[in-house]
Peer 1: 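Below is a structure I'd like to ask you about.
Here is the naming used below: chain letters follow the sequence lines, and residue numbers restart at 1 for every chain.
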Protein chains: 2
Amino acid sequence: MAVGAIRPGGRTARVRAAVLKAAGDALVEHGFDRLDLADVARRAEVGKTTVYRRWGTAAGLVTDLLADMAEQSLPRADTGSLIGDLRANARLVQRTLVDSRQGALFRAVIVAATCDLRAADALHRFYAVRIAEWAPCVEQAVRRGELPPDTDAAEVIRAVSAPLYYRLLVSGDPIDEAMADRAAEAAAAAAHAGVFTQTSGPD
Amino acid sequence: MAVGAIRPGGRTARVRAAVLKAAGDALVEHGFDRLDLADVARRAEVGKTTVYRRWGTAAGLVTDLLADMAEQSLPRADTGSLIGDLRANARLVQRTLVDSRQGALFRAVIVAATCDLRAADALHRFYAVRIAEWAPCVEQAVRRGELPPDTDAAEVIRAVSAPLYYRLLVSGDPIDEAMADRAAEAAAAAAHAGVFTQTSGPD
DNA sequence: CCGCTAAGGGAACTGGGGTTTCGTTAGCGC
DNA sequence: GCGCTAACGAAACCCCAGTTCCCTTAGCGG
């Protein structure tokens, strides 16, 4: 049985909150690779034994942090048009990745996911939830007749985020609002052209 | 002056080749976070002092490995049509990322880039070269009249790769040939729609 | 082929990240 | 509010990644 599952109230919850906060701070300052659990314990004003007992490794700590982040997701937009909704989504992601704290945090959890299977699971579930949250934008557009009937909604949402994450992690090119808008427009154009229909693309 | 710059021949070159090979093997097996320089030295049958002296850190070693990988880049395709060239590019990237050795290696260098500024520089230059290699496909399509005159060629190429890397690093969704084709088609559709023109998108 | 010294290698050393031990605090059922 | 024990925490401990020391090998200019 996991530590903290039997008496989850009071001190246990306070310790968890303090440690996750401290872990976030440490990740933003040093990044995942230099995350020192003893340092996290010091910041949280908690015994380092506690951190090692409850979370074990840096990856375990990040996994729990991600579970915590997953609970506060922002609601999707509903502007009335596909391009409006996709732009809203792209700009939300853009602002998140550019924000110095949030951006560093996302880089850290993505790195953690490449190092640890549980962290990877948590990350994939995190994004599955986010994508599912925004998919109705596309489904509404289908119902309005803006898009082909069997358009894969999740695929369209993924297509909006992909260029932003590609720049963050791979190419290092700047991530500004104009490029977020282009990402939204590109996804919309491809969806209109029927590229994201579930059976097959147009011939 | 860097070690190995004064007598770059013979033993120095042999040691570098052996160490980079061993580093690649170790990265594929354990990933960047568990890269142990002493282990690399053992695999390369080289003194661990040598590895620490010449490369210093895991990030430094990966940076050099990336410089080595940059030298063998595959030539771009020339199928005669934009969609053909983009599909070839998407499938090349797809095969690379799915390949157990290459995929692990790319994940590792991307992780290294998030930890170390020099590694990040090396990675960004690596992708800038790859993108520049494939940009002429788009420029030819412009000349053929397939695309608007002021299409940003690099942006189109990036749009092809982005969904593949997004799945590799972020969402964890499968990366098969069909999805590579969709990525190519989506980029082509957006480019046709004028989303990637340098002045501004269509109104 | 000789000498200078760049580069490599074995071995001992060290510091701090992670573990173990055991005593203390406080959540929660009654 | 009482008692049981889950959970926390201080300190001693251990192990190994990374460093230092110093000797050996071999590239390369002459």
Peer 1: Which part of the nucleic acid, if any, lies within reach of A:Arg14 when heavy atoms closer than 4.0 Å are counted: base, sugar-phosphate only, or nothing?
Peer 2: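 Sugar-phosphate: the residue A:Arg14, judged by heavy atoms under 4.0 Å, touches backbone atoms but no base.
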Peer 1: Looking at A:Asp64 and A:Arg54, is any side-chain nitrogen of the basic one under 4.0 Å from a carboxylate oxygen of the acidic one?
Peer 2: no
Peer 1: What I want to find out is whether A:Arg158 reaches A:Glu155 closely enough, with some N-O distance under 4.0 Å, to be called a salt bridge.
Peer 2: yes
Peer 1: Would you kindly check whether a donor in the side chain of A:Lys48 faces an acceptor in the base of C:dG18, or vice versa, at under 3.5 angstrom?
Peer 2: yes
Peer 1: Just the rounded figure in Å: distance from P of C:dG17 to CG of A:Leu61.
Peer 2: 15 Å
Peer 1: Could you please name the option among D:dG18, C:dG18, D:dA7 that lies closest to any side-chain atom of A:Asp36?
Peer 2: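 Of all the options, the side chain of A:Asp36 is nearest to C:dG18.
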Peer 1: Please state how far atom OH in B:Tyr52 lies from atom P in C:dA7, giving the value in whole angstrom units.
Peer 2: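 B:Tyr52 atom OH is separated from C:dA7 atom P by 21 Å.
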Peer 1: What's B:Thr49 touching, base or sugar-phosphate or nothing? Going by heavy atoms closer than 4.0 Å.
Peer 2: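 Base: the residue B:Thr49, judged by heavy atoms under 4.0 Å, touches a nucleobase.
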Peer 1: Quick check on D:dG9: is either OP1 or OP2 less than 4.0 Å from any side-chain nitrogen or oxygen of A:Thr50?
Peer 2: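 Yes, within the criterion.
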Peer 1: Give a yes or no on whether a salt bridge exists between B:Glu185 and B:Arg87, defined as a side-chain N under 4.0 angstrom from a carboxylate O.
Peer 2: yes
Peer 1: Any side-chain donor-acceptor pair under 3.5 Å between B:Tyr165 and B:Tyr127?
Peer 2: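 Their side chains do contain a donor-acceptor pair, which is all the 3.5 Å distance test asks for.
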Peer 1: Find the distance A:Asp33:CG to D:dG18:P and express it as a whole number of Å.
Peer 2: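 So the CG-P distance, A:Asp33 to D:dG18, works out to 12 Å.
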Peer 1: Suppose we call a contact any N or O donor and acceptor under 3.5 Å apart; does that hold for the side chain of B:Arg53 and the base of C:dG8?
Peer 2: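 Yes, a donor-acceptor pair under 3.5 Å.
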Peer 1: Select from B:Arg42 and B:Arg11 the residue whose nearest nucleotide in DNA chain D is closer to the 5' end of that strand.
Peer 2: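 Per heavy-atom nearest nucleotide, the more 5' residue is B:Arg42.
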Peer 1: What is the distance, to the nearest angstrom, from the CH2 atom on A:Trp55 to the C1' atom on D:dG9?
Peer 2: 14 Å
Peer 1: Measure from CG on B:Leu37 to C1' on D:dC16 and round the result to the nearest Å.
Peer 2: 13 Å
Peer 1: Can you check the B:Arg54 CZ to C:dA7 P distance for me, whole Å?
Peer 2: 8 Å
